[in-house]
Structure formats: C-alpha cells, structure tokens
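Let me begin by presenting the structure, written as structure tokens, before commenting on it.
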Amino acid sequence: MNKGYNPKEIESKWQKYWYDSKVFSAQVDQNKKKFYGLIEFPYPSGAGMHVGHIRAYSGMEVLARKKRLEGYNVLFPIGYDAFGLPTENYAMSIKTHPRIVTDRNIKRFNEQLRSVGFSFDFDRVIDTTDPDYYRWTQWIFIQLFKNGLAYKSKTLVNFCPDCKVVLANEESQDGVCDRCGSAVVQKEKDVWFLRIRNYAERLLQGLEKVDFLDRIKIEQSNWIGRSEGAELTFTVTGGDITYPLNVYTTRPDTLYGATFLVISPEHPMVKRFEDIITNYDKVREYQKQALMKKELERTQLNKEKTGLKVEGIFATNPITNEPIPVFMADYVMMDYGTGAIMAVPAHDTRDYQFAKKYNLPIVEVIKGGDIEKEAYIAKDGGTMINSGILNGMEVEEAIVTMIKHLEKLGIGKAKVDYKMKDWAFNRQRYWGEPIPIINCAKCGQVPVPESELPLVLPDLEDFSPTDDASSPLSKCTDWVNTTCPKCGGSATRETDTMPQWAGSSWYFLRYLSPKCQTALVDPDDYKYWGQVDWYNGGMEHVTRHLIYSRFWNMFLYDIGVVTYQEPYLKRTTQGLILGSDGEKMSKSRGNVVNPDDVIRDYGADVLRTFILFMGDFEKPAPWSEDGAKGCWRFLNRVWNLMYMIKETKTDDINLAFAIKKVSDDYESNKFNTAIAQLMSTLNQFYQRTTVTKDELNVFLKLLYPVASHIASEMYEKINNGAKIEKSTWPTYDEKDLIAQEIEIPVQINGKLKGKVLVEKDATQERVLELVKTTTNALEDKTIIKVIYVKDRIINIIAK
RNA sequence: GCCAUUGUGGCGGAACAGGCAGACGCAAGGGACUUAAAAUCCCUCGAAGGAUAACUUCGUAUCGGUUCAAGUCCGAUCAAUGGCACCA
C-alpha cells in the first residue's frame with residue numbers, strides 16, 4: 001500500500017543532496033546562455049528571517065529553477081548587507097561586539113535559507129562587513145573622490161541635545177528623540193556628499209532603456225524631479241547695499257504677476273543685510289524655529305503657511321521695475337533651486353495661501369481661473385494678460401518668449417533643475433565602512449593609498465556615541481592619528497563611516513567573482529555574466545537603493561570598470577506579507593510568523609507553495625494558517641498520484657494548456673494562478689482516477705520550481721532514480737491549444753440569456769441561426785442590431 | 001501635503017486587450033466511511049425573491065459619465081498601503 005507524504009524525510013534528503021553536490025554552484029560556461037537572477041540581499045537581523053524574506057526570494061527561486069531546466073546557466077546568489085544601525089544598537093543593548101552579532105546572525109540566516117531549500121549558490125555568499133568586501137567599497141569611494149564626485153559641505157542633521165547624538169529621521173519622529181523624548185533640533189554639520197546630481201539626467205534617460213515596471217520608472221523619475229524653467233536675478237536693495245538675488249522658477253511666463261519674493265530661512269542673503277533689516281530679532285527667531293522643523297513638516301500644503309516680512313529691504317521686479325517686498329518662509333527650501341522664489345500668488349497654490357494670509361497683492365496674468373477663490377495653475381495653457389510683451393500669448397509661447405527676453409537683458413537664462421539632492425554619504429556611527437580619507441593640515445583631504453586598503457574598522461571596546469556628535473571612531477586616537485600619505489606630516493583620519501547604502505550599491509558586481517583579490521570584479525567573469533537579467537525586490541527600495549546603485553554602476557562605467565551603463569535589465573517587486581490580522585508584521589503587534597514553525601508543522605514545500613499561492617506576488621497579502629493547510633492537502637494529493645499511475649487512459653487531459661499557462665505565469669510573477677492551474681490539472685487526474693507516467697512527469701516538472709523537494713523525490717521514484725535537475729522543461733505544440741468548438745455566450749440587450757456551442761471561426765449568420773434554433777431567447781422579439789465578436793460573444797439588441 | 005499603488009462573496013484571491021463576475025483555495029453547512037474522533041472522499045455555497053425548481057432582480061469602495069456591453073475606460077469622492085532623502 002502507499003506510503004504517506006513525509007516532508008521531513010524527503011526535504012532533508014534533497015537539501016543534503018543539493019548543497020553537498022553543489023548543483024547550484026554557477027560556473028562560467030561559454031556554451032550556455034546565462035541568466036543572472038537577483039534578489040535584494042537581506043539585512044541579517046537578530047530576529048532571524050520571517051516569512052516576508054521567504055516570499056521575497058521565492059519568486060526568483062521559481063524562475064531560477066525553471067530556467068535551469070530550460071538550459072540556462074543560472075546565477076542565483078545570496079549575501080548579507082550587514083553594516084548598519086539596527087545591529088549597532090542591538091549590539092550595544094546586549095553588550096556584544098557587532099562583529100560577533102553579525103556573524104551569529106549570518107549563520108542563522110544561512111541555516112534558515114537552506115531549510116527552505118532555496119537554490120542559491122552558497123559558494124558565493126558575500127558579507128558587506130567583510131574587509132575583503134568593503135575594501136572595494138572604499139576603493140570606489142576613493143575613485144569618486146578623485147573624480148570630484150565626493151565633497152564635504154555643511155548640512156543640517158537631526159540632533160538630540162540631551163543624548164548628544166545625530167539621529168536618523170526614523171529615530172526622531174514628531175520632532176522627538178526616540179531614546180530620551182527630548183525635542184530634536186537641526187544642527188549644522190560638515191558632512192560628505194556624493195554628486196549624484198551630476199548623473200541626474202543620465203539616470204533619468206537610462207530608464208528608457210530598461211525593463212522596469214512602469215510604476216517604478218514613474219517613482220524614480222519623480223524622485224529625480226527634472227524641471228525646465230529659468231533662473232533670473234532680482235535686485236534686492238537695503239540702505240546703500242544691493243544684492244543680486246537669484247530665483248529659480250518653472251513659470252517664467254508669470255513674471256509680471258510676481259508680487260513678492262520669498263527666501264528660505266537659511267538663505268545667506270540675510271547675513272548680508274544684518275545691520276539694515278529693521279526686524280532682525282524677529283528674523284533670527286523665525287530662523288531658529290525653522291531649524292526645529294523637518295522638511296516634511298515645512299512643505300505640507302495643508303498646514304497654514306508661516307513666515308514674516310523682512311523689513312528694511314525690498315526687491316525690484318526686473319520686468320516691471322516695481323518694488324516688491326521680501327518675505328522669509330519655511331516652505332521655501334534652501335537645497336532646492338536657489339533657496340529663493342518669486343511668488344506669483346495668482347497662479348501658485350502655496351504662494352496664494354501665503355498672499356491671502358499676509359494680505360499681499362494678487363495679480364492675474366493668465367486668463368481662465370477665478371483668482372478670488374483660488375490660484376489658477378494653468379499648466380496646460382491659457383492666455384496671458386496684464387503681462388506687457390506677453391499679452392495675448394499662450395502659456396507655452398510665453399515661457400519661451402520670456403526666457404529669450406531675459407537672456408537678451410542679461411538677467412536670466414533657461415535652466416533645467418532637478419529635485420534630487422546630492423547623496424549625504426556619512427554617518428556618525430561605528431558599524432560602517434570607515435571613510436578612507438586622511439585630513440592633513442598642509443595637503444587637505446588626502447585619500448588613503450589604494451595599496452593600504454582595506455582600511456580596517458578598528459576594534460573598539462566602546463562604540464557608543466561621543467558627546468560632540470562625532471563618530472565613536474574619534475575616540476580611537478591610535479587609529480585616528482596618522483601620517484599624511486602625501487607629505488608625511490602628522491594628520492588625522494576621517495572618523496565618520498559610510499551609510500548602509502554604500503555596500504548595497506555594487507554588491508551585484510561582487511557576486512560575479514566574490515573572491516577576486518585584484519579587482520572588485522574579475523573582467524572575465526563580468527564579460528560572461530554582465531548585467532543582472534532580472535532583479536526583484538521591495539517597492540520600498542525603488543527610489544533610493546535602486547537609484548544609488550544605478551549611479552555607482554554608471555560611475556564605474558565612466559572609469560572603465562564595467563561595460564554596461566545600466567546594472568539591471570529588468571526590475572519587478574513583491575508585496576509584503578501581512579499578519580493574519582491584516583496588519584504589517586511586527587514584534588509589537590505579536591503577529592509575526594516564523595518560517596521555522598511552518599516548516600516544522602508542514603514542511604518547506606508547503607511553506608513555499610502557500611507563500612506563492614496566497615495572492616498576487618506584487619501585492620501585499622495577509623498570512624493565514626488555514627490557507628497553509630490547503631496547500632498541505634494539495635501536496636498530499638500530489639504525492640498520491642504515484643499510486644494512480646496507469647498507462648491506459650479513458651480521456652485526454654489538455655496538458656499543453658497547463659504547460660503554457662504555468663510557464664507563462666511563472667515568467668510574469670503570477671505564481672498564484674500558476675499554482676491554481678496545477679491544482680486544476682491535479683483535480684482532472686483525480687476525476688479520471690488515473691495518470692500516465694508521462695503525464696505525471698510533465699506535472700512534476702511544472703511543480704518542481706515551487707515544491708522542489710516533493711517533485712524531486714517523486715520524479716526520482718517513478719524514473720528509476722533519475723534526477724529532475726537533469727531533465728528539461730516541458731514543451732507543447734501550439735496546435736494543441738486551439739479548441740475546435742467554442743461556447744459563445746448569448747446576450748439579449750446586454751444581458752446573458754444562454755449559450756450556444758459552435759465551431760471555431762463561425763460567422764455571425766451561423767451563430768445567429770443557432771440562437772434561433774436552439775434557444776427561445778428571441779421568441780416574440782424583433783432584432784434591431786447584432787454585435788458579434790468572433791469566438792467571444794454575441795449581443796443581440798431586440799424589441 | 002506630494003508621488004506611487006490598491007479597494008471584487010464569510011475570508012485569500014481569479015477575470016488575457018471593454019465581452020459569461022467570483023477560477024483556484026480557505027471557512028461554513030450537509031452526506032459517506034468510522035465504535036468515535038482525526039484524516040480522506042462526495043455534494044451545496046454572492047444577496048434578495050421564488051417552492052430547495054424554472055426563472056427574476058440586485059451586486060466588483062461611493063457618486064456620476066462613455067459604450068450594444070464596464071470590475072476593466074473617463075471625472076469626482078472616500079479609505080488603506082509604500083516612499084518622501086541619516087531605518088534598510
């Protein structure tokens with residue numbers, strides 16, 4: 001009699017085989033087409049993996065397994081993005097060095113990944129905190145520095161005056177320090193930036209060449225935020241000082257309607273007029289208040305605008321020569337445009353709100369709106385009025401004309417601007433890559449010689465923050481004090497570390513030759529594997545990580561390290577797994593599902609099957625214990641197919657359709673409907689009560705990418721010990737897909753009244769005839785009109 | 001607030017490109033098997049009316065529109081989720 005399905009037994013057997021025999025270790029093979037499938041490598045947290053990780057990797061796992069059977073040479077690597085704040089905080093809380101914590105976590109993650117049976121290439125595991133790895137992260141930074149793309153500049157950071165520590169935005173929500181609850185202030189600090197703005201246009205243009213989901217392209221392009229406009233100069237006068245104030249505007253057409261200027265609280269002009277501004281105390285007070293707020297609070301449209309008039313100075317509208325007042329308001333940001341705007345209240349919502357509040361004149365320059373009620377944006381057109389030389393023009397023409405006019409007068413020019421800011425590239429933390437720069441009083445910033453890389457993170461006893469908001473590394477004076485590589489004089493090391501984004505900005509290259517000592521990637525390996533063919537990850541990473549890594553890859557292209565500008569050919573996303581309560585999984589909600597428990601109760605195959613069956617891969621889906629039970633039943637029924645094999649069959653089951661449906665669905669991340677199709681096919685076998693060996697072999701191959709252990713075991717059993725890995729993906733004959741007879745729904749006046757069975761490609765006359773003869777739907781009715789869509793539907797309008 | 005996405009039975013979801021709404025699964029109810037339970041197998045299963053039938057009407061967040069035909073397209077509204085630059 002049949003021996004029941006025992007996942008424990010077969011899963012450990014196959015995992016041992018897969019990992020001991022190294023069947024998934026990718027080797028360069030010039031005779032095979034390559035496929036490089038990438039998933040976002042995890043942050044190895046102390047809590048271990050949760051089912052969300054499993055879902056994130058399961059999609060590419062299915063594709064990797066399928067593509068191997070299709071004859072591709074598949075590279076499907078895994079690694080760890082292990083530097084970062086959570087580990088550092090956790091390490092401090094349990095008083096253990098982050099190195100030890102990290103090693104422990106990585107070990108645990110590796111075990112968990114294997115217990116799920118993922119077909120990762122475990123010979124290529126990388127760890128961003130390994131000096132052999134971050135040596136190259138530092139090397140890239142030095143190249144950026146040498147190419148003028150890394151610079152130091154002042155910026156504002158969240159600072160807790162009590163803890164004396166720089167805080168991440170997440171640690172300072174609602175303006176309150178996470179640790180002690182005191183109010184967070186914005187503190188000016190000298191930090192490193194990378195000139196990602198230099199790549200803004202290329203990052204935008206590059207999107208046209210890659211196969212990313214549309215919404216990802218839109219998000220990236222909005223993040224880059226290209227705008228076309230003009231930069232023009234207003235003259236600000238106070239006492240006997242004049243100051244040329246540059247403003248950036250996307251709407252030079254509305255210049256005649258500019259009735260005041262607004263500068264950001266951080267604008268340097270204020271200092272210039274220090275002795276002239278008559279309400280300087282109030283201005284200072286406002287600047288201080290603005291420092292308490294974060295950008296998000298400052299720019300919220302629905303909040304009432306705050307600001308004040310800067311008394312004692314005025315500006316001149318360069319086209320009307322009218323004097324206009326100058327205001328300071330925190331809705332203008334210093335780091336976008338020029339930190340100053342010309343306000344056109346009639347045609348800008350924020351300016352309108354501000355003008356209403358401070359009783360400023362609103363001059364309509366584009367016809368069409370009702371400026372008594374609200375601002376009229378008129379982006380898509382409108383006729384200019386009250387606008388001197390522009391009167392009567394359409395908006396588009398007015399923009400062009402005004403820019404030309406400004407250029408002629410020498411007071412302005414066309415300018416493309418980007419919302420994207422340069423990348424703040426350092427943290428005042430211990431657990432990160434040391435920035436390989438030496439500060440010399442004589443020579444300035446000098447990079448650590450490349451021969452001295454990696455610049456190893458010193459082993460600190462105490463990595464808690466210092467009192468003055470600098471990195472814990474500054475306490476390690478032995479390490480900090482060094483000699484200048486250029487002049488040999490005494491110098492100090494940069495003590496800040498890199499942000500976690502650094503290591504993840506190039507990891508896809510390191511996978512190609514993880515042990516290469518002479519370069520970040522071996523050129524021969526790169527030549528073969530090249531770009532990532534398909535990258536899947538979370539929607540939460542599509543702006544920063546995905547843009548940062550595209551930027552680094554483009555830079556590496558520019559200095560000749562790689563030969564493709566774009567690192568990823570295709571990018572898709574997966575949805576989160578929510579708790580069974582429909583909420584995001586979190587420890588505090590107590591709704592976290594541990595994959596280990598599911599594997600213990602049902603096995604890895606059930607976990608893999610359910611995690612893909614639970615819903616659309618790209619959308620969030622709630623976990624359900626009962627749903628997992630359904631997949632357990634499914635795999636049990638699959639197992640029992642082995643005892644239903646009979647070589648004679650009573651009727652044909654259309655496997656061609658199943659092969660097509662499952663193959664296509666896998667390729668488009670529709671794993672849930674692929675599994676539904678497998679269930680339907682299984683039900684058909686059960687209905688017939690038999691299955692042939694050939695049919696079962698096809699079925700097992702289709703199932704193999706999802707439930708790999710059971711498919712491997714059954715395939716081996718029914719094929720005298722053959723390994724499914726050595727088989728090939730099933731194919732089908734196109735002609736087997738075409739049904740000879742089609743059921744056509746019959747609608748009368750748009751409502752379904754019946755169906756007729758008709759041969760393929762039947763004419764309207766033929767179908768209509770069948771409706772008349774085989775149904776009574778048209779009884780007592782006169783036909784007015786017939787809409788017939790061949791092989792789809794017939795709709796008869798009748799009275 | 002801004003950008004993006006989503007909203008379909010008791011539940012998770014399906015519906016290719018405007019053409020049969022609810023595939024597949026879960027839960028529930030009924031039945032078979034069993035001393036019993038579990039497991040397994042079979043049947044029913046959007047709502048209302050009707051007789052448990054035939055059939056009729058309503059139904060894809062809300063309101064409106066386009067169309068022979070709308071879950072799908074258009075406009076407005078509401079709600080939820082992701083991102084908003086030092087969490088990764």
Side-chain angles (χ1 to χ4, degrees), chain A residues 4 40 42-43 45 81 83-86 89 155 157-158 166-172 189 191 196 213-216 218-219 221-223 225 294-297 299-303 335 349-350 419-429 499-501 504 538-545 547-548 573 575-576 578 580 582 584 610 613-616 618-631 633-634 636-637 640 661 664 670 672-680 682-683 686 743-747 749-755 784-787 789 792-797:
Chain A
E40 283 167 349
Y43 185 86
S45 73
D81 188 15
F83 272 133
L85 202 52
N89 287 343
T155 191
V157 294
N158 301 311
V166 177
L167 297 170
N169 270 348
E170 195 186 58
E171 298 171 295
S172 58
K189 241 194 136 340
V191 306
I196 191 172
L213 292 177
D214 278 346
R215 62 171 181 275
I216 297 175
I218 295 168
E219 283 276 26
S221 119
N222 288 343
W223 180 272
K294 282 186 287 181
E295 180 173 338
L296 191 60
E297 299 168 58
T299 52
Q300 280 187 2
L301 249 182
N302 63 336
K303 282 217 179 130
D335 50 13
T349 310
R350 286 175 306 182
K419 206 170 276 162
M420 183 167 66
K421 300 172 192 170
D422 273 344
W423 176 6
F425 197 74
N426 55 326
R427 306 292 182 261
Q428 298 70 36
R429 300 289 181 164
Q500 191 173 359
W501 306 107
S504 60
M539 200 61 201
E540 70 274 21
H541 292 292
V542 306
T543 46
R544 286 187 280 173
H545 160 64
I547 290 188
Y548 292 156
T573 63
L576 284 175
L578 308 172
S580 44
K584 201 169 166 176
F610 178 58
F613 181 63
M614 60 198 294
D616 186 335
E618 288 177 5
K619 289 183 199 150
W623 181 263
S624 143
E625 178 75 26
D626 282 334
K629 237 188 275 174
C631 291
R633 277 181 211 148
F634 167 60
N636 270 283
R637 280 160 66 88
N640 290 332
K661 173 81 179 151
D664 291 356
K670 299 279 178 212
N672 54 337
T673 49
I675 293 166
Q677 178 58 49
L678 289 171
M679 288 172 169
S680 293
L682 176 80
N683 290 344
Y686 267 74
E743 204 177 42
I744 305 275
V746 179
Q747 291 185 344
N749 299 328
K751 292 208 166 148
L752 183 72
K753 291 292 170 184
K755 284 165 191 178
I784 295 164
K785 191 179 171 187
V786 177
I787 297 106
V789 184
R792 286 314 266 271
I793 199 163
I794 185 162
N795 188 8
I796 301 160
I797 312 305

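Just so it is clear: chains get the letters A, B, ... in the order the sequence lines come, proteins before strands, and each one is counted from 1.
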Legend entry - For atom CD of A:Q677 and atom P of B:C16, their distance in whole Å: 15 Å
Inset, instruction - Using atom CH2 of A:W223 as one end and atom C1' of B:C2 as the other, report the distance to the nearest whole Å. - result: 13 Å
Legend entry - Base orientation of B:G9, syn vs anti, 90° cut from 0: syn
Legend entry - Sugar-phosphate or base contact per nucleotide [nucleotides 5-15 of chain B; S, B, -; heavy atom under 4.0 Å]: SS-----BSS-
Legend entry - Atom-pair distance (CZ on A:F634; P on B:U40), nearest Å: 15 Å
Inset, instruction - Just call it for A:V191: base, sugar-phosphate, or nothing, with non-hydrogen atoms closer than 4.0 Å on any strand. - result: base
Legend entry - Rounded distance [0.5 Å steps], CZ in A:R633 versus CE in A:M679: 10.5 Å
Inset, instruction - Starting at atom CG of A:N640, determine the distance to atom C1' of B:C41, rounded to an integer number of angstrom. - result: 12 Å
Legend entry - Minimum-distance nucleotide to A:M539 side chain [options: B:A27, B:U57, B:A4]: B:A4
Considering only nitrogen or oxygen atoms on both sides, find all protein atoms under 3.5 Å from nucleotides 64-75 of chain B and state each distance.
residue : atom : partner : partner atom : Å
B:C68   : O2'  : A:N795  : ND2          : 3.3
B:C68   : O2   : A:N795  : ND2          : 2.5

Inset, instruction - Just call it for A:H541: base, sugar-phosphate, or nothing, with non-hydrogen atoms closer than 4.0 Å on any strand. - result: base
Inset, instruction - Kindly say whether the aromatic ring centers of A:W623 and A:F610 come within a distance under 6.0 Å. - result: yes
Legend entry - Any A:N89 side-chain nitrogen or oxygen under 4.0 Å from OP1 or OP2 of B:C87: no
Inset, instruction - Pick base, sugar-phosphate or nothing for A:W423, based on heavy-atom distances below 4.0 Å to the nucleic acid. - result: nothing
Inset, instruction - Return the 5'-most residue of the pair A:Y686, A:P745 with respect to RNA chain B, ranking by each residue's nearest nucleotide. - result: A:P745
Inset, instruction - Identify whether any heavy atom of A:E618 sits under 4.0 Å from a base atom; if not, whether one sits that close to sugar-phosphate; answer base, sugar-phosphate or nothing. - result: nothing
Inset, instruction - State which of B:C86, B:C24, B:G82 makes the closest approach to the side chain of A:Q428. - result: B:C86
Inset, instruction - Measure the spacing between CE of A:M614 and CG of A:L578 and express it to the nearest 0.5 Å. - result: 8.0 Å
Inset, instruction - Determine the contact category for A:D81: base if any of its heavy atoms lies under 4.0 Å from a base atom, sugar-phosphate if only primed atoms, P, OP1 or OP2 are that close, otherwise nothing. - result: sugar-phosphate
Inset, instruction - Using whole Å, report how far CG of A:D626 lies from P of B:G25. - result: 15 Å
Inset, instruction - May I ask you to evaluate whether A:R633 reaches the phosphate of B:G25, defined as a side-chain N or O under 4.0 Å from OP1 or OP2? - result: no
Inset, instruction - Evaluate whether atom NZ of A:K419 has more than 12 neighbouring non-hydrogen atoms of other residues, nucleotides or ligands under 6.0 angstrom away. - result: no
Legend entry - Dot-bracket line, read 5' to 3' along RNA chain B, where crossing pairs take [ ] and | marks a partner on another strand, Watson-Crick or G-U under 3.5 Å: (((((((..(((......[....))).(((((.......))))).((((.....))))..(((((..]....))))))))))))....
Inset, instruction - Send over the distance from A:I547 CD1 to B:G83 P, rounded to a whole Å. - result: 15 Å
Inset, instruction - Ignoring backbone atoms, establish whether A:K584 has a side-chain N or O less than 4.0 Å from OP1 or OP2 of B:G82. - result: yes
